[in-house]
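Below is one structure, written out as structure tokens; the observations come after it.
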Amino acid sequence: MVLAPAASACVLLLAGSALAQTAPLPAEDPHATARSARSVGGHAYSEFEYIEHPFVATRVTSRTGLGVAQFELRGQPVPRLDLEGDLAQLDQRFALGIAITEWLGLEVGVQGGAIAGVDYDAGLVIGANGFGGGRLSGVLRVVETDAFLLSLRVDVSAAAAAGISPARTVVPLLTGQQPPESRLRSPEFSGSRGTVGGSVTAVLTATEWLGFAGSFRADARRVELDDIEDDEGWLGGALGASLNFGSLGVPLQILLGSRVSWSFADEIDDLALSVIEPADEVVVEPELGFYYFDPKIPELELGLSTSFAFSDDTRRGRVGLNLAYWF
């Protein structure tokens, strides 16, 4: 009689153990890694145009853009003292991000494109040119909490451009100067820029559908244009808001933001080479993005972005098709 309760307990323990061994394990979420790779506080962030991504993750990215620009020249040695011109640009960027550890990542990017004048003035002064380059970045995640992420980034990049600018031959003739014979035979020009820079980027999540992002960046640049060499400095800060309605059942994310930057140089003119950003001026660059986001497939990032630039002498606009896949 005394052994009966003990025997019953043993039978129950053995039965429970057998059931535990045969019961199926909870199914793993196949999208958990991609979701957590770009999420803070339950809010998944797509990539802003002007705010560098703070996440350490493995991903591939493609960004294709089409843009237009208008410039003004005042008092330049061209056929008229004051003129305006219109440009068109097509560019393509690819990037590969690799998460080495949970807090350290590496990114490699390449880009290329073409810029050409679309009217007489721009065709004369800017001509047509192509550009290309590459970028190597290290990303360090410094702080991460349930609603906040802070990262540091260091970048080394190089870009080059080459093209034909008719004004390099025509202007000396119009101004009564004798251009070098080589200029008459070959009006081609070429230039390059090397950059070392760093940035601080942070995101702050308010709710699953609302988040904020911001960054501050500084660059030191070495510019060469034919026989002209110069060192540039560049400073820029950006703020943005991310409205992700995927958690509310609507597969849509909207990005709103703007960057304000200031570049300064000694000799390089702001239109000396199209791949070089304008110098000696403050530029305001607002952006707006529309992205598809479905919590069931968070590894896919697909959207359209629009960005603009305003300064005293230039105005630019760009529409981009952005595609990324997170692992």
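For this chain, numbers begin at 1 and follow the sequence in order.
- S151 places a side-chain N or O within donor-acceptor distance of the main-chain N or O of P54, the cut-off being under 3.5 Å.
- R316 has a carboxylate O that lies under 4.0 Å from a charged side-chain N of E285, or vice versa, which qualifies the two as a salt bridge.
- By the 4.5 Å heavy-atom criterion applied to side chains, S46 and L255 are counted as neighbours.
- Judged by distance alone, with hydrogens and angles left aside, the side-chain atoms of S199 form no donor-acceptor pair with the main-chain N or O of F216 at under 3.5 Å.
- Taking both residues in full, the closest heavy atoms of V56 and T101 are given as CG1-O, 3.5 Å, listed atom of the first, atom of the second, then distance.
- R135 contributes atom CZ, which lies 9.5 Å from atom CZ of R93 (distance to the nearest 0.5 angstrom).
- Looking at E47 and R59, a side-chain N of the basic residue comes within less than 4.0 Å of a carboxylate O on the acidic one, giving a salt bridge.
- Across every non-hydrogen atom of V40 and F148, the tightest pair is CG1-N, 3.5 Å.
- Residues A57 and W326 approach most closely at CB-CZ3, 3.4 Å, considering heavy atoms.
- When side chains are defined from C-beta on, D155 counts as touching E52, because their heavy atoms get closer than 4.5 Å.
- Under the 4.5 Å side-chain criterion, counting only non-hydrogen atoms from C-beta, W234 is not in contact with W262.
- Going from atom OG1 of T58 over to atom CD of E299 covers 13.5 Å, rounded to the nearest 0.5 Å.
- To the nearest 0.5 Å, the span separating CZ on R315 from CZ on F308 amounts to 14.0 Å.
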- Task: Check the pair E208 / H43 against side-chain contact (heavy atoms from CB on, under 4.5 Å), numbers first and verdict last.
- Result: CA-CA 5 Å; E208 288 189 1; H43 183 98; 5.5 Å; no
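- The backbone N or O of G113 lies less than 3.5 Å from no partner atom in the side chain of D91, so there is not a single donor-acceptor pair.
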Hey, mind stepping through L321 and L304 against side-chain contact (heavy atoms from CB on, under 4.5 Å) and telling me if it holds? CA-CA 5 Å; L321 174 62; L304 289 173; 4.0 Å; yes
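- Inter-residue side-chain proximity for R217 and S261 is flagged as unmet; no heavy-atom pair is nearer than 4.5 Å.
- The pair R153-E107 counts as a salt bridge, with a side-chain nitrogen and a carboxylate oxygen less than 4.0 angstrom apart.
- Of the inter-residue distances, the one linking I164 atom CD1 with N129 atom CG reads 10.0 Å to the nearest 0.5 angstrom.
- Residue R141 forms a side chain to side chain contact (heavy atoms under 4.5 Å, CB included) with just one option from L104, L149, L152, and that option is L149.
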Take R259 and S307, measure what side-chain contact (heavy atoms from CB on, under 4.5 Å) needs, and give me the verdict at the end.
CA-CA 10 Å; R259 179 174 68 179; S307 58; over 6 Å; no
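- Between the CG atom in L256 and the CG atom in L288 there is a gap of 5.5 Å [rounded to 0.5 Å].
- Shown here for A241 and F48, the closest heavy-atom pair between the two residues is O-CZ, 3.7 Å.
- For the residue pair Y291 and N244, no side-chain donor N or O sits within less than 3.5 Å of a side-chain acceptor on the partner.
- Looking at residues two or more places apart in sequence or on another chain, you find no side chain to side chain donor-acceptor pair (under 3.5 Å) involving S247.
- By the 4.5 Å heavy-atom criterion applied to side chains, I254 and F290 are counted as neighbours.
- Contact record, S242 with A44: OG-O, 4.4 Å, taken as the closest heavy-atom pair.
- Separation of atoms OG (S258) and CZ (F310) is listed at 9.0 Å; rounding is to 0.5 Å.
- Side-chain contact check for V60 versus F94: every heavy-atom pair is 4.5 Å or farther apart.
- Partners of H53 under the side chain to side chain donor-acceptor pair (under 3.5 Å) rule, at least two apart in sequence or in another chain, do not exist in this structure.
- By the 4.0 Å N-to-carboxylate-O rule, D219 lies close enough to R221 to be salt-bridged with it.
- Using a 4.5 Å heavy-atom threshold, the side chains of L323 and T61 count as separate.
- Taking the side chain as every heavy atom from C-beta outward, I100 and L106 approach each other to under 4.5 Å.
- Under the rule for a side chain to side chain donor-acceptor pair (under 3.5 Å), T306 has no partner lying at least two apart in sequence or in another chain.
- When every heavy atom of L235 is checked against every heavy atom of A218, the shortest pair comes out as CD2-CB, 3.6 Å.
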Between I297 and Y292, does a side-chain contact (heavy atoms from CB on, under 4.5 Å) hold up when you go through it step by step?
-> CA-CA 10 Å; I297 47 174; Y292 171 83; 3.9 Å; yes
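- No side-chain donor-acceptor contact under 3.5 Å links Y50 and S215.
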